[in-house]
Amino acid sequence: MPEITLPDGSVRAFDGPVTGLAIAESIGRRLARDAAVIRVDGELWDLTRPIEQDAAVAIVTRDAPEMLELLRHDAAHALAEAVKELWPETQVTIGPAIENGFYYDFAREEPFTPEDLERMEARMREIVDRDEPVRREVWDRDAAVRFFREQGEHYKAELIAAIPQGETISIYTQGAFVDLCRGPHLPSTGRLGKAFKLLRVSGAYWRGDARNAMLQRVYGTCWATQEQLDRYLHQLEEAERRDHRRLGREMDLFHHQEEAPGAVFWHPRGWTMVQVLTEFVRRRQAAAGYMEVNTPEVMDRSLWEASGHWEAYAEHMYTTQTEDGRLYALKPMNCPGHVQLFRHGAVKSYRDLPMRFAEFGKCHRYEPSGALHGLMRVRAFCQDDAHVFCTEDQITAEANAMCDLILGIYRDCGFHDVYIKFADRPERRVGSDAVWDKAEAALRAAIGSTGLEYTINPGEGAFYGPKLEFVLRDAIGRDWQCGTVQVDFNLPVRLGASYVGEDGERHVPVMLHRAMLGSMERFTGILIEHYAGNLPLWLAPLQVQVATITSDGDDYAREVVSRLRAAGLRADVDLRNEKISYKVREHSVAKVPVILALGKREVEERTVAMRRLGSRAQEVLALDAAVEQLAEEARRMGSVPTQ
RNA sequence: GCCGGUGUAGCUCAGUUGGCAGAGCAACUGAUUCGUAAUCAGUAGGUCGGUGGUUCGAGUCCACUCACCGGCACCA
């Protein structure tokens, strides 16, 4: 005789065990139709699962925001059922809900084709139309293992066998499809709806381990309503429109070619953008007490063996063998070079600390071919790198200042949504546990003293020390990890850095590693996508395009450009014998933020007709006023992207 | 690196069962002096990613290879 308490506080008594579906029906038909699951004393249950005890419940309908995950999980099951119907020899493995959708990993000899994807999706829709009941059962674990083995589902059997003793093994059945699953699920396949779409098929390793077999992963997206699905598909198109590789071509910023995979050919405009960013960081870090340095790009193998890089990353380093038989490596990092600077010359005193070395160092890493991606993942890149040599007592203040510097720089680049992760010791590392304890404690103290929120990213530290990872969210909600602050007690020891302390004894300095933008290449790519190419004036490589309407304006146009340039603006003039609409289109496609059109009227009145990228409106201004206004705007930073 | 896909003019893309490599835009030449996202006409442009093979004949079929795209793994 369970007594069921509803969210409004009313209580209903039932004669015997009652299901969520029955409770929903007792409240109303419409609710029963839209119900997805039931919350029983805070826990989500299947609607078909009998409630035997008194409980406080709430029916959750399928359009509740927290039901998206469940819908997506159900979509994954429908996908698996469809695949098993179409290709029975396929083994199913796992199929979770993920951000914006779901996937399912299948084991099958023959690869799925894009056409297969269409067949799967069509079959999923049939399964929804069939409205098959979804049943939950609790099985004995050995029986479950035996069952799946007999079915030829060896991956499933392995999963069940790995479940700890004593845990409930729930099995869900829909139609002929039987799957191990934690649940809960919708009561029938019809409730899934049809706001889903299969997107792509790709490879994925069993259990995410490259040593294991490669499975076939089918990705899909799923939403509560068709409108939500359409909105998401539209977002995907938006991301496509912002792709820095496409914009890089349209804006004439850079290119790649086969002879230099993973390297960038920067065009004048693209390189201007990189230079603007570099100058910006240079000014900021100089103001924060950093000294800019430069260290060799090619150094003897022995140095990399001493630093530990050789052991950890030899296969990812470019090397060059010279005539004298020596083996050199192109630097993959700047830190060992900076330690050489610290070690050189007179022994350092505690009075010299902290010493802050910054370098825009060009590094080379032989990244796996499959990882390369436009500017985002390259083999040759420039880091805005720095290393601070300090005493243990100085760690907190130094790391703290780094956080301030980094966050300020992001703000000025237009990123206002930033979060921080604390990456602690990885499995593969150098240094004793005691040293790691100390390094992690020091970094935790530093981040604690900033008052900034952070999450833990377990096991993701560098091989020589723990790190803070700065992640910024772009205009369309994607996350990019850029800056890092790392505490390192190991490299200074390995490379023999020391200073004389107040006590007259030799001590090993602590080394803080820091990057803010990370890779200049990658950050440039992120900015392009963040702003969809519509860069704020201070970042735009060409800020003002002056364009004549007829050749009568040529002399005045040249004068306008020199005035703009004299005011520090990057301006160019277009005197071609083309219609103004042609010029406007061309410079708009190239994303030049400001076009000044000059016709007869402007020449006579010494004005300019100013047109902003993305706007059809024109504003006629006196030349002096326009120059002043643009110069002022070009100094302003921190603007948020417009859509 | 692994799985799958794609490479044809600067860009976007056609190219049938193997039978003379195409279009639009861009470029160039000429005309047009024009008021805010494409003026008109003409010309030129290709080792069909590369190497090897099958064939009388390969953009098309086969093998290898390189690069790129989507994932996975990796990311000091």
Side-chain angles (χ1 to χ4, degrees), chain A residues 103 105 110-114 116-117 199-219 243 245-246 249-250 252 255-262 304 307-313 315-317 331-336 363 365-374 376-379 383 426 428-430 460-465 467 481 484 486 488 491 513 515 518-519 522 547-554 576-590 595-602 609-618 620:
Chain A
Y103 67 76
D105 285 349
E110 209 185 318
F112 289 123
T113 65
D116 290 341
L117 226 58
L199 296 175
R200 64 178 66 93
V201 56
S202 67
Y205 297 107
W206 167 236
R207 302 203 145 174
D209 191 326
R211 289 166 299 192
N212 289 342
M214 178 68 68
L215 307 172
Q216 294 188 63
R217 175 170 297 180
V218 177
Y219 281 97
D243 191 312
R245 293 166 299 186
R246 173 209 193 104
R249 189 174 54 240
E250 290 172 359
D252 192 17
H255 81 270
H256 302 274
Q257 58 188 60
E258 284 202 19
E259 294 83 351
W304 304 107
S307 70
H309 287 92
W310 191 264
E311 196 192 344
Y313 290 105
E315 68 277 26
H316 297 295
M317 287 166 71
K331 69 175 172 187
M333 293 196 78
N334 302 301
C335 19
C363 296
R365 298 178 182 175
Y366 184 72
E367 302 286 7
S369 57
L372 303 180
H373 181 93
M376 301 304 190
R377 190 77 184 273
V378 288
R379 286 175 173 165
Q383 276 183 318
R428 214 165 50 126
R429 58 180 183 262
V430 296
E460 293 297 317
F463 72 84
Y464 47 72
K467 58 181 177 184
Q481 194 211 300
T484 63
Q486 307 171 8
D488 180 2
L491 275 188
H513 304 239
S519 135
R522 180 162 172 272
T548 50
I549 293 171
T550 70
S551 56
D552 296 339
D554 288 4
R576 291 174 302 171
N577 180 17
E578 296 289 352
K579 291 170 85 165
I580 190 63
S581 50
Y582 179 90
K583 296 183 182 181
V584 164
R585 173 179 158 77
E586 199 174 271
H587 301 305
S588 298
V589 166
I595 297 173
L596 300 182
L598 307 179
K600 214 165 159 186
R601 279 204 300 276
E602 287 74 20
M610 182 152 74
R611 183 193 164 109
R612 300 286 186 153
L613 181 60
S615 159
R616 278 167 200 278
Q618 306 158 50
V620 178

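Just so you know, these numbers use all the heavy atoms, side chains as well, and skip hydrogens, waters and symmetry mates. Proteins get letters first, then strands, A, B, ... in listed order; numbering begins at 1 in each.
- Residue A:A371 has its side chain nearest to B:C74 when only B:C34, B:C74, B:C75 are considered.
- Comparing B:A37, B:G35, B:C34 against the side chain of A:V584 picks out B:A37 as the nearest.
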Please assess A:R576 against A:E586 for the test salt bridge (Lys or Arg N to Asp or Glu O under 4.0 Å), listing each intermediate value before the final yes or no.
CA-CA 12 Å; A:R576 291 174 302 171; A:E586 199 174 271; 2.8 Å; yes

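- Looking at A:R429, its side chain has no donor and acceptor atom pair within 3.5 Å of the base of B:A76.
- Taking every side-chain heavy atom of A:I549 into account, B:C34 is the closest of B:C34, B:C72, B:A37.
- Taking atom CZ of A:R200 as the reference point, atom P of B:G70 lies 8 Å away to the nearest angstrom.
- For A:N577 and B:U32, a side-chain-to-base donor-acceptor distance below 3.5 Å is present, hydrogens and geometry of angles not being considered.
- Across B:C28 and B:A9, the matching C1' atoms stand 14 Å from one another, rounded to whole Å.
- Summarising the geometry, the separation between CZ on A:F463 and P on B:C75 is reported as 12 Å, rounded to the nearest angstrom.
- Among the heavy atoms of the strands lying under 4.0 Å from A:R365 is at least one base atom, whether or not backbone atoms are also near.
- B:G59 and B:U16 have their P atoms separated by 12 Å, with the value rounded to a whole Å.
- Residue A:L372 is classed as a sugar-phosphate contact, given heavy-atom separations below 4.0 Å to backbone atoms only.
- Within a 6.0 Å radius of CD in A:E311, other residues, nucleotides and ligands contribute 12 heavy atoms or fewer.
- Atom CG in A:D116 sits about 14 Å away from atom C1' in B:G5, given to the nearest Å.
- Counting any heavy atom pair closer than 4.0 Å across all strands shown, A:E602 reaches a base atom.
- Rounded to whole Å, the P atom of B:A14 lies 22 Å from the corresponding atom of B:G71.
- In this structure, A:R245 reaches the sugar-phosphate backbone alone: every heavy-atom distance under 4.0 Å involves primed, P, OP1 or OP2 atoms, never a base.
- If you check every strand for non-hydrogen atoms under 4.0 Å, A:G208 touches sugar and phosphate atoms only.
- A side-chain donor from one of A:H255 and A:Q257 sits under 3.5 Å from a side-chain acceptor of the other.
- Between A:R249 and B:U12 there is a side-chain polar atom (N or O) within less than 4.0 angstrom of OP1 or OP2.
- Heavy atoms of A:R611 sit under 4.0 angstrom from at least one base atom.
- The interatomic distance linking A:W206 (CH2) with B:C2 (C1') rounds to 17 Å, in whole Å.
- Looking at heavy-atom distances under 4.0 Å, A:H373 makes contact with sugar-phosphate atoms alone, never a base.
- When the P atom is used for both B:C34 and B:U39, the distance is 15 Å, rounded to whole Å.
- Atom CD of A:E315 sits in a crowded spot, with more than 12 heavy atoms from other residues, nucleotides or ligands closer than 6.0 Å.
- Protein atom OH of A:Y103 is 15 Å distant from nucleotide atom C1' of B:C3, rounded to whole Å.
- One interatomic measurement links the two molecules: CD of A:E586 to C1' of B:C34, which rounds to 16 Å at whole-angstrom precision.
- Counting to the nearest Å, the P atom of B:A73 and the CG atom of A:L215 are 11 Å from each other.
- When both distances must be under 3.5 Å, the Watson-Crick or G-U wobble mate of B:G18 does not exist.
- In this structure, A:Y582 reaches the sugar-phosphate backbone alone: every heavy-atom distance under 4.0 Å involves primed, P, OP1 or OP2 atoms, never a base.
- Contacts of A:A609 with the nucleic acid, taken as non-hydrogen atoms under 4.0 Å apart, include base atoms.
- Backbone-only engagement by A:Y464 is indicated by non-hydrogen atom pairs under 4.0 Å involving sugar-phosphate atoms exclusively.
- Taking the side chain of A:V589 as heavy atoms from C-beta on, and the options B:U39, B:A37, B:C3, the nearest nucleotide is B:A37.
- For the residue pair A:Y219 and A:R217, a side-chain donor N or O sits within less than 3.5 Å of a side-chain acceptor on the partner.
- Across the C1' atoms, B:G5 and B:G22 are found 25 Å apart, a figure rounded to whole Å.
- Base-pair partner of B:G7: B:C66 (Watson-Crick or G-U wobble, both distances under 3.5 Å).
- Pairing for B:A41 goes to B:U29, judged as Watson-Crick or G-U wobble with the two contacts each under 3.5 Å.
- B:C2 is paired with B:G71 under the Watson-Crick or G-U wobble criterion, all donor-acceptor distances under 3.5 Å.
- When rounded to the nearest whole Å, the span between CZ of A:R576 and C1' of B:G30 equals 17 Å.
- Between A:Y366 and A:R379, some side-chain heavy-atom pair lies under the 4.5 Å cut-off.
- Nearest-nucleotide positions on RNA chain B place A:I580 closer to the 5' end than the other of A:I580 and A:P332.
- Comparing B:C34, B:G1, B:C3 by their closest approach to the side chain of A:K579 singles out B:C34.
- Considering only side-chain atoms of A:H316, the nucleotide from B:A37, B:C74, B:U39 that sits closest is B:C74.
- Across all strands, A:P368 comes closer than 4.0 Å to base atoms (heavy-atom distances).
- Put simply, the side chain of A:R429 never gets that close to the backbone of A:Y464: no donor and acceptor are under 3.5 Å apart.
- With hydrogens and angles left out, the side chain of A:Y205 and the base of B:G1 share a donor-acceptor pair within 3.5 Å.
- Using a 4.0 Å heavy-atom criterion, one finds that A:K600 contacts the bases of the nucleic acid, with or without backbone contacts as well.
- In this structure a side-chain-to-backbone donor-acceptor pair under 3.5 Å is present from A:K583 to A:T548.
- Across all strands shown, nothing is found opposite B:U54 as a Watson-Crick or G-U wobble partner with both distances under 3.5 Å.
- If you find the closest nucleotide of RNA chain B to A:E578 and to A:V620, the one lying nearer the 5' end belongs to A:V620.
- Within the 4.0 angstrom heavy-atom criterion, no nucleotide atom of any strand lies near A:E259.
- Residue A:R616 is classed as a sugar-phosphate contact, given heavy-atom separations below 4.0 Å to backbone atoms only.
- Comparing B:A37, B:U33, B:A76 by their nearest atom to the side chain of A:L613 picks out B:A37.
- When both pairing distances are held under 3.5 Å, B:G46 makes no Watson-Crick or G-U pair with any nucleotide shown.
- For A:S581, taking side-chain heavy atoms from C-beta onward, the closest of the listed nucleotides B:A76, B:G70, B:U36 is B:U36.
- No hydrogens or angles were tested; on distance alone, a donor-acceptor pair under 3.5 Å links the side chain of A:R377 to the base of B:C74.
- Comparing B:A44 with B:G24, their P atoms are spaced 14 Å from each other, to the whole Å.
- With P as the reference atom, B:U55 and B:G50 are 22 Å apart, rounded to whole Å.
- Remark: B:G35 base-pairs with no nucleotide; criterion is Watson-Crick or G-U wobble with both hydrogen-bond distances under 3.5 Å.
- Between the C1' atoms of B:A58 and B:U8, the separation comes to 14 Å (whole Å).
- Close to B:A76, at under 4.0 Å from its OP1 or OP2, lies a side-chain N or O of A:K467.
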